[in-house]
Amino acid sequence: MSSSSGSPESWISSFCSLLGHEYFAEISEDFIEDDFNLTGLNSQVAMYKEALEMILDVEPEEDEDDDEDEEEEEGDESIEGEERITRNRAAADRRHQRIASDLTITESSAEMLYGLIHQRFICSRAGIQQMSEKYELAHFGVCPRTFCDQVRTLPVGTSDVPGVDTVKLFCPSCLDIYVPPNSRFQTVDGAFFGRTFGPLFLLTFPEYDLSRKGQDVIGTGRSGTAAADSGEREKINGMNAHNLAPGLGKGKVYEPKIYGFKVSERARSGPRMGWLRKRPADIQELDEAAHFHPDNENSDEGSTINGISSRHRHAKAPRQNGGSPMSVVTNGEI
């Protein structure tokens with residue numbers, strides 16, 4: 001394969017252009033050549049050195065076995081006729097099979113190594129910036145949930161260990177993950193994206209309006225997004241309030257009805273675990289810091305009563321609202 005300029009295409013560009021690899025970012029060679037970024041990967045990938053050379057398009061060193069075969073052929077010069085031709089053909093076939101087998105194993109190891117490096121790269125400054133450009137253009141698709149209104153999704157993994165599960169799409173609107181709609185993505189290992197990228201992306205770019213669709217962003221451009229968010233916005237715990245699960249809450253959850261009457265949750269066909277989709281009417285209820293400080297601004301963190309510090313007393317406080325799993329105690333713990 002070759003690029004439009006006529007120079008051969010790199011292995012990284014070729015890998016990312018394959019069908020089903022649209023989620024991947026192109027890792028810079030500077031990032032790969034930094035040994036610190038590859039710490040611990042040599043024990044996880046077979047044929048690590050050969051795989052790294054393939055990724056960086058480094059010519060592999062000549063194999064000693066090839067030299068031995070050539071010496072054997074030179075030693076067989078005394079043999080003439082059909083026997084010599086037969087031996088040469090057999091040696092050539094063995095060499096060809098070994099090279100083909102080594103290339104297959106090296107290619108598989110290179111894909112595994114690139115994926116593990118990719119998990120780290122997209123959490124770096126350069127990598128997350130590259131992924132943000134793909135996110136703005138909706139390269140990762142949209143949420144299939146109807147009430148999310150085609151909010152753009154992010155590729156994530158349910159584990160950082162390869163071979164556990166395939167890549168999933170995380171929706172920041174309903175805070176749930178989904179299987180990619182196209183089957184070509186269902187063979188991509190989720191560990192190549194990991195569990196850190198999704199939450200880190202949202203914390204790195206709090207100015208994004210998650211309710212905007214991909215085509216809206218393309219029409220206005222990133223400058224339009226920055227201009228829209230340049231004014232005063234309501235923030236809770238460092239994030240814009242309108243970005244806190246906008247796809248949940250009243251009017252954003254399907255309610256099954258029969259002839260206009262709601263189906264009871266106790267019914268066999270009734271809704272289950274509906275509280276997972278709830279969102280407080282007053283979003284300020286989620287501001288844990290605002291609830292904590294007014295009640296504790298005059299308390300001394302080092303003060304003790306009966307040998308128990310104030311910090312531990314709050315940590316052991318009983319849950320409110322009847323012990324609901326979603327209730328928030330005064331120290332900010334769920």
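Contact record, Ala110 with Met54: CB-SD, 3.9 Å, taken as the closest heavy-atom pair. Closest non-hydrogen pair, Pro172 versus Leu175, comes out as O-CD2, 3.6 Å. Ile12 and Ile27 make their closest contact through CD1-O, 3.5 Å (heavy atoms, listed as atom of the first residue, atom of the second, distance). Listed here is the closest heavy atom pair of Ile32 and Leu56: CG2-CD2, 3.8 Å. Nearest heavy atoms, Glu136 versus Tyr208: OE2-OH, 2.9 Å. In terms of heavy-atom proximity, Cys16 sits nearest to Ala25 at SG-O, 3.7 Å.
Contact check for Leu41 versus Arg120: side-chain heavy atoms found under the 4.5 Å cut-off. The side-chain heavy atoms of Leu116 and Pro162, taken from C-beta on, include a pair separated by under 4.5 Å. Within the 4.5 Å cutoff, the side chain of Phe192 has heavy atoms near those of the Met112 side chain. For the pair Phe31/Ser124, a side-chain contact is recorded, criterion being any heavy-atom separation below 4.5 Å from C-beta on. Ile117 places a side-chain heavy atom less than 4.5 Å from the side chain of Leu38. You'll find the side chain of Val156 stays beyond 4.5 Å of the side chain of Leu169, heavy atoms only. Using a 4.5 Å heavy-atom cutoff, the side chains of Gln150 and Pro144 are not in contact. By the 4.5 Å heavy-atom criterion applied to side chains, Ile128 and Ile122 are not counted as neighbours.
Between the CG atom of Leu154 and the SG atom of Cys143 there is a distance of 11.5 Å, given to the nearest 0.5 Å. The CG atom of Asn42 sits 14.5 Å away from the CE atom of Met47 when rounded to the nearest 0.5 Å. For the atom pair SG of Cys171 and OH of Tyr178, the computed distance is 6.0 Å after rounding to the nearest 0.5 Å. In this structure, CD in Glu111 is found 11.0 Å from CG in Leu113, a value given to the nearest 0.5 Å.
Qualifying salt bridge (charged side-chain N to carboxylate O under 4.0 Å, His left out) partners for Asp165, counting only residues two or more places apart in sequence or in other chains: Lys168. Contacts of Lys134 classified as salt bridge (charged side-chain N to carboxylate O under 4.0 Å, His left out), with partners at least two apart in sequence or in another chain: none. Ser159 pairs by the side-chain hydrogen bond (donor to acceptor under 3.5 Å, both in side chains) definition with nothing, not counting sequence neighbours. With sequence neighbours excluded, the residues forming a ring pair (Phe, Tyr, Trp, His ring centres under 6.0 Å) with Phe15 are Trp11, His21, Phe24, Tyr114, listed by chain and number. By the salt bridge (charged side-chain N to carboxylate O under 4.0 Å, His left out) test, Asp160 is found to be paired with Arg195, residues two or more places apart in sequence or in another chain being considered.
The main-chain N or O of Ala191 is found under 3.5 Å from a side-chain atom of Gln119 such that the two form a donor-acceptor pair. Checking side-chain atoms of Ser173 against main-chain N and O of Cys148 turns up no donor-acceptor pair under 3.5 Å. When atom types are taken as modelled, the side chain of Ser108 and the backbone of Ile105 share no donor-acceptor pair closer than 3.5 angstrom. In this structure, Thr153 contributes its side chain and Phe140 its backbone to a donor-acceptor pair below 3.5 Å. Side-chain atoms of Arg145 do not come within 3.5 Å of backbone N or O of Asp176 as any donor-acceptor pair.
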Could you check Phe193 against His118 for ring pair (Phe, Tyr, Trp, His ring centres under 6.0 Å), going step by step and ending with a plain yes or no? CA-CA 7 Å; Phe193 297 88; His118 184 269; 5.1 Å; yes
Verify side-chain contact (heavy atoms from CB on, under 4.5 Å) between Ser109 and Tyr48, making sure each step is shown before the conclusion. CA-CA 7 Å; Ser109 299; Tyr48 172 81; over 6 Å; no
Applying side-chain contact (heavy atoms from CB on, under 4.5 Å), run through Lys49 and Glu53 and close with a yes or a no. CA-CA 6 Å; Lys49 179 181 177 182; Glu53 290 176 348; 3.5 Å; yes
Quick one: do Phe147 and Cys174 satisfy side-chain contact (heavy atoms from CB on, under 4.5 Å)? Show the steps, please. CA-CA 9 Å; Phe147 287 109; Cys174 61; over 6 Å; no
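Sorted by first and then second residue, the pairs that involve residues 11-30 and meet salt bridge (charged side-chain N to carboxylate O under 4.0 Å, His left out), not counting sequence neighbours, are Glu22-Arg184.
The closest side-chain donor-acceptor pair between Ser10 and Ser13 falls under 3.5 angstrom.
Val161 and Val167 fall into different hydrophobic clusters, where Ile, Leu, Val, Met, Phe, Trp and Tyr side chains are chained together by heavy-atom contacts under 4.5 Å. Under a hydrophobic clustering in which Ile, Leu, Val, Met, Phe, Trp and Tyr are joined whenever their side-chain heavy atoms come within less than 4.5 Å, directly or via other members, Tyr23 and Val164 fall into different clusters. Linking Ile, Leu, Val, Met, Phe, Trp and Tyr residues whenever their side-chain heavy atoms come within less than 4.5 Å leaves Val179 and Phe197 in two separate clusters.
A cation-pi arrangement is found for Arg152 relative to Tyr135, the charged atom lying closer than 6.0 Å to the ring centre and inside a 45° cone about the ring normal.
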